Amino acid sequence: MRKPSFLQVFYSTSKQLNSSTYLCIMSKVRVRFAPSPTGGLHLGGVRTVLYNYLFARKHGGDFIVRIEDTDQNRYVDGAEEYIFDCLRWCGIEPDESVQHGGEYGPYRQSERKDSYREYAERLVSQGQAYYAFDTTEELEQMRQKHKTDSNPSPQYDHHIRMRMRNSLTLLPNEVEELLKAGTRHVIRIKMPESETVSFTDMIRGEVSFETSLVDDKVLLKADGMPTYHLAVVVDDHLMKISHAFRGEEWLPSAPVHILLWKYLFGLDKMPKWAHFPLILGPTGKLSKRDGAKYGFPVFAMNWTDPKNGELTEGFREKGFLPEAFLNLLALLGWNDGTEQEIFSKEELVERFSMDRVHSAGAKFDYEKAKWFNHEWIKRSESLAPKVEQLLNDAGIIVNDHIKLENILELVKERCHLLPDFVQQTGFFFQAPQTIDLDAVRPKWNEEKKIFFLDYCDLISGAVEWNATALEETFKKLATEKNIKAGELQLPFRVMLVGGKFGPPVFQIAEILGKEETIKRVSSFTELL
RNA sequence: GGCCCGUUCGUCUAAGGGUUAGGACACCACCCUUUCACGGUGGUGAUACGAGUUCGAAUCUCGUACGGGCUACCA
C-alpha cells in the first residue's frame with residue numbers, strides 16, 4: 001500500500017482540529033522584540049530578546065525588532081542605536097527591523113503614527129471606545145476626590161466615566177463642536193461592565209480577568225500618538241506576529257489587548273501569548289534606574305545617559321563573553337530538563353521550548369553569572385584579540401602573538417572575567433611594576449640570596465631552556481645547598497611575576513626566556 | 001487598598017501521585033598542588049503553613065501566609 005503523502009496526512013489531521021490550531025499550523029512563526037528607546041538595555045530585556053530569537057529560530061520563523069517610540073517625552077537620543085549594538089554584540093541579528101529592513105515597515109512606531117487613529121476611531125464608531133476631553137488637571141482632581149483609604153488609586157473606569165467629560169456624558173452635538181474646535185482629547189477604551197476575559201498563556205495556562213476591575217485605558221493620546229496598548233495590537237496584526245512574548249509586568253494589561261484584538265481583528269487572528277517571569281535584583285524587579293548599584297551590571301553594554309553624562313557599566317565592559325552572557329540568561333528561567341548547563345547558541349536553538357520556561361521570577365545571582373563566564377573562558381579559543389586590547393589599555397605592548405596564545409592556555413582557568421587576564425598575563429610582557437616583598441621577607445636570608453645568584457649562573461649556561469630542565473636544575477641545586485626547594489619556589493615566583501599568583505613558576509620562566517628570567521632575579525636580589 | 005502572577009536548599013533549578021527529594025553556583029572539609037587556580041572526594045542545606053482528595057501528595061483542590069508585578073495621555 002502506498003504511504004499517504006504529507007499533504008494528505010496534513011489535510012486529514014487538520015480537519016479534526018479547531019480553526020485556531022489550524023491557523024497556527026498554517027501561519028509562519030513571526031515574533032518581535034519591541035523595546036522603547038529610553039535608555040540602557042537590561043538583563044531582562046536581553047533575555048526577552050533571547051527567548052524570542054530562540055523560539056523563532058527553532059521554528060524556522062522570523063525575528064523582528066520594532067521600536068516602540070510612541071512616547072516623545074521619554075525618547076532618549078542614541079538609545080535605539082545602542083539597542084542594536086547590544087544585539088550585535090550578543091550575536092543576535094534580527095530578520096526585520098529599522099536597521100535590517102523588511103516588508104512590514106516602518107519598524108519605528110513613530111513613523112506609523114497615521115495608521116493608529118483610524119483604528120481608534122473605528123472603535124469609537126463601534127461603541128467600544130470614546131472621546132475623553134478631560135484635562136490633566138481634571139484627572140488629577142478626580143483622583144484626589146475619589147481617593148480613600150480603601151481605594152488609594154481611583155481608576156478612570158465604569159464607576160467614574162459617567163462623571164467625566166467625554167463623548168459618553170456629553171451631547172453628540174457638544175462632542176461634535178469640541179472635535180471641530182480641535183479640543184485636545186484622547187480616545188479611551190470602554191471596558192465592558194461585567195465580562196470575564198481570559199486567554200491561555202503559553203507559560204501560565206489560563207489566566208482570566210474581570211473587566212469591571214480594569215480601567216478605561218487611553219488608546220490614543222492627545223498628541224495623536226497611540227499608547228502601547230493600541231500600538232501593540234495594531235502592529236502585531238499588521239506585522240503578522242504569530243506569537244507575542246513579553247515580561248510578566250504586562251500581564252495586568254493583557255485583558256485590554258485581548259479585547260482590542262476581539263474588537264479590531266478577531267480573536268482567531270490573535271497571536272499566542274507568553275509572559276516571561278521577571279528577573280529580580282536583590283530587592284525586587286531589576287530597574288534601569290538602579291544601574292550598577294547592586295554591585296553587578298544590569299545593562300548588556302556600557303550606557304551613558306546623554307542628559308547627565310552618567311555612565312552605567314555593562315556586562316561587556318565588565319568582561320563577560322557574549323556566549324556566556326547568553327548562556328546564563330537562557331538558564332535564568334529555563335532549562336532543558338537534563339543537567340546540562342553550558343549551551344552554545346546553536347544548542348539553545350535546538351533545545352529551547354516555551355513549555356520549559358519557568359513561571360516564577362528568578363533572582364539574579366552574580367556569582368553564578370561569573371561561573372558561566374569562567375566556563376566559557378576555559379572553552380574559548382579566540383581570546384587573544386580581546387586580551388591584547390585589554391593589555392594595550394593597561395599600557396602593555398604585546399610583541400609576540402604566538403607567545404600570547406600559549407600564555408592564554410596557561411592562565412585561562414584562573415580568569416573569571418576578561419580583565420583578570422591583565423594581571424595573569426601582563427608580567428609576561430612587562431616586568432612587574434610592584435613586587436610583593438612582604439610575601440618573601442619573613443623567610444628570606446643570605447643563604448637563599450646566594451642560591452638564586454648561583455642558580456642564575458647555572459642557567460645562564462643552559463643549552464636546554466624549558467620548564468622541566470629548569471625545575472630539575474633548581475631542585476638539584478637546592479638539594480646541594482640543603483635548602484627545601486619548596487621554600488625557594490615562592491620567592492622565585494615573586495621575582496618573576498611580582499606576587500603570589502600565576503601559572504606554575506618554571507613554565508613562566510620558560511616563556512620569559514633566559515635573559516629576562518635572569519634579569520628579574522638579579523634585580524630582585526638587589527632589592528632584598 | 002484592588003487586581004494579577006508566583007512560592008522546592010542562601011541562589012538558579014530537577015522530580016508532570018510512589019525517589020534515601022537530584023544537579024549546579026556559593027560555602028565548609030579533605031585530596032592534588034610548596035602561589036593562585038583547575039580537577040577530585042565528601043559535607044552543611046529545601047518542598048511556606050493548614051485543610052481536603054488519595055492506599056499514597058513537592059506534585060491535584062481549597063484556604064492562609066509570604067513574595068513580586070500592575071494600578072499614567074510610560075513602555
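Just so we're clear, the structure is a prediction, and the values are computed from it rather than from any experiment.
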Discussion item. Please report the distance, rounded to the nearest Å, between CZ in A/Arg47 and C1' in B/C12.
Written reply: 12 Å
Worksheet entry | B/A51 and B/G69, which share atom name P, separated by this distance in whole Å | 32 Å
Practice prompt. Indicate, with a heavy-atom threshold strictly under 4.0 Å, whether A/Arg356 touches base, sugar-phosphate, or nothing.
Written response: sugar-phosphate
Discussion item. Generate the contact string for nucleotides 60-75 of chain B. Rules: B means base contact, S means sugar-phosphate contact only, - means no protein heavy atom under 4.0 Å.
Written reply: --------SBSB-BBB
Discussion item. Tell me whether A/Ser344 contacts the main-chain N or O of A/Glu347 through its side chain, where contact means a donor paired with an acceptor under 3.5 Å.
Written reply: yes
Worksheet item: Does the distance from a Lys or Arg side-chain N to an Asp or Glu carboxylate O, for A/Glu472 and A/Lys476, drop under 4.0 Å?
Response: no
Discussion item. Is the distance between the ring centroids of A/Phe299 and A/Phe315 under 6.0 Å?
Written reply: no
Worksheet item: Is A/Asp215 salt-bridged to A/Lys217, cutoff N-O under 4.0 Å?
Response: yes
Item to complete: Scan every strand shown for a Watson-Crick or G-U wobble partner of B/G39, both distances under 3.5 Å, and answer none if you come up empty.
Response: B/C31
Fill in: Mate of B/A14 where both pairing distances stay under 3.5 Å, Watson-Crick or G-U
none
Item to complete: Check the distance between B/A15's C1' and A/Asp336's CG and give it to me in whole angstrom.
Response: 15 Å
Worksheet item: Hey, is the main chain of A/Met202 close enough, under 3.5 Å, to the side chain of A/Asp355 for a donor-acceptor pair?
Response: no
Fill in: Pairing nucleotide - B/A21, Watson-Crick or G-U, each distance under 3.5 Å
none
Worksheet item: Should the pair A/Glu195-A/Lys262 be classified as a salt bridge under the 4.0 Å nitrogen-to-oxygen rule?
Response: yes
Worksheet entry | Nearest-angstrom distance, C1' atom, B/U53 to B/C62 | 11 Å
Item to complete: For the pair A/Lys285 and A/Glu248, find out whether any cationic side-chain nitrogen is under 4.0 Å from an anionic carboxylate oxygen.
Response: no
Worksheet item: When the C1' atoms of B/G43 and B/A75 are considered, how many whole Å apart are they?
Response: 48 Å
Discussion item. Counting only Watson-Crick pairs (N1-N3 plus N6-O4 or O6-N4) and G-U wobbles (N1-O2, O6-N3), all under 3.5 Å, who is the partner of B/U47?
Written reply: none
Practice prompt. Before accepting this row, confirm whether a basic side-chain N of the pair A/Arg112/A/Asp235 lies closer than 4.0 Å to the acidic partner's carboxylate O.
Written response: yes
Worksheet entry | Nearest to side-chain heavy atoms of A/Trp371, which nucleotide of B/U13, B/G6, B/C25 | B/C25
Practice prompt. Mind calculating the distance between CG (A/Asn335) and P (B/G22) to the nearest angstrom?
Written response: 17 Å
Practice prompt. Specify the separation, in whole Å, of atom CD of A/Glu339 and atom P of B/A24.
Written response: 7 Å
Discussion item. If I take atom CG in residue A/Leu213 and atom C1' in nucleotide B/G2, what distance separates them, rounded to the nearest angstrom?
Written reply: 7 Å
Practice prompt. Could you check which nucleotide pairs with B/A57 in any of the strands shown, counting Watson-Crick or G-U wobble with both distances under 3.5 Å?
Written response: none
Practice prompt. For B/A14 and B/C60, measure between their P atoms and round to the nearest Å.
Written response: 13 Å
Discussion item. Between A/His185 and A/Tyr131, is the ring centroid distance below 6.0 Å?
Written reply: yes
Worksheet entry | Whole angstrom value for the distance that separates P of B/C12 from CG of A/Leu331 | 13 Å
Response to the item:
Re B/C73: Watson-Crick or G-U wobble partner, both distances kept under 3.5 Å, found to be none
Worksheet, complete the sentence: Against the side chain of A/His358, the closest entry in B/G1, B/A14, B/G23 is B/A14
Practice prompt. Tell which nucleotide pairs with B/A65, taking only Watson-Crick or G-U wobble pairs whose two distances are both under 3.5 angstrom.
Written response: B/U7
Discussion item. Does the protein touch nucleotides 27-41 of chain B at the base, only the backbone, or not at all? Give it as B, S and - per nucleotide, heavy atoms under 4.0 Å.
Written reply: -------BBBBSS--
Fill in: A/Glu516/A/Arg520 salt bridge by N-O under 4.0 Å criterion
yes
Practice prompt. Quote, to the nearest angstrom, the P distance that separates B/C30 from B/A37.
Written response: 14 Å
Discussion item. Is it the case that the side chain of A/Arg493 and the backbone of A/Pro503 share a donor-acceptor pair, with hydrogens and angles ignored and the cut-off at 3.5 Å?
Written reply: yes
Worksheet item: Charged N to carboxylate O under 4.0 angstrom, A/Arg66 versus A/Asp236?
Response: yes
Worksheet item: C1' atom, B/G52 versus B/C9: distance in rounded Å?
Response: 28 Å
Worksheet entry | A/Phe524/A/Phe492 aromatic ring centres below 6.0 Å | no
Discussion item. Can you identify which nucleotide, out of B/A24, B/G2, B/C12, has its nearest atom closest to the A/Lys363 side chain?
Written reply: B/C12
Response to the item:
With B for base contact, S for sugar-phosphate-only contact and - for none (protein heavy atoms under 4.0 Å), nucleotides 43-49 of chain B reads -------
Worksheet item: Given the P atoms of B/U7 and B/U47, what is the spacing between them in whole Å?
Response: 15 Å
Worksheet item: Is there a donor and acceptor pair, one atom on the side chain of A/Lys368 and one on the base of B/A24, closer than 3.5 Å?
Response: yes
Worksheet entry | Spacing of A/Trp334 atom CH2 relative to B/A24 atom P, expressed in whole Å | 18 Å
Worksheet item: Would you call B/C38 syn or anti, using the 90° rule around 0?
Response: syn
Item to complete: State whether A/Arg165 and A/Glu138 are salt-bridged, where the test is any N-O pair (Lys NZ or Arg NE/NH1/NH2 against Asp/Glu carboxylate O) under 4.0 Å.
Response: yes
Discussion item. Measuring only the P atom in each nucleotide, how far is B/U33 from B/A24? A whole number of Å is fine.
Written reply: 25 Å
Worksheet item: How close or far is atom P of B/G2 from atom CG of A/Asp157, stated in whole angstroms?
Response: 15 Å
Discussion item. Once you apply a heavy-atom cut-off of 4.0 Å, does A/Val214 come out as touching a base, just sugar-phosphate, or nothing?
Written reply: nothing
Discussion item. Here's a test of your reading of the structure: between A/Phe364 and A/Gly337, which maps to the more 5' nucleotide of RNA chain B?
Written reply: A/Phe364
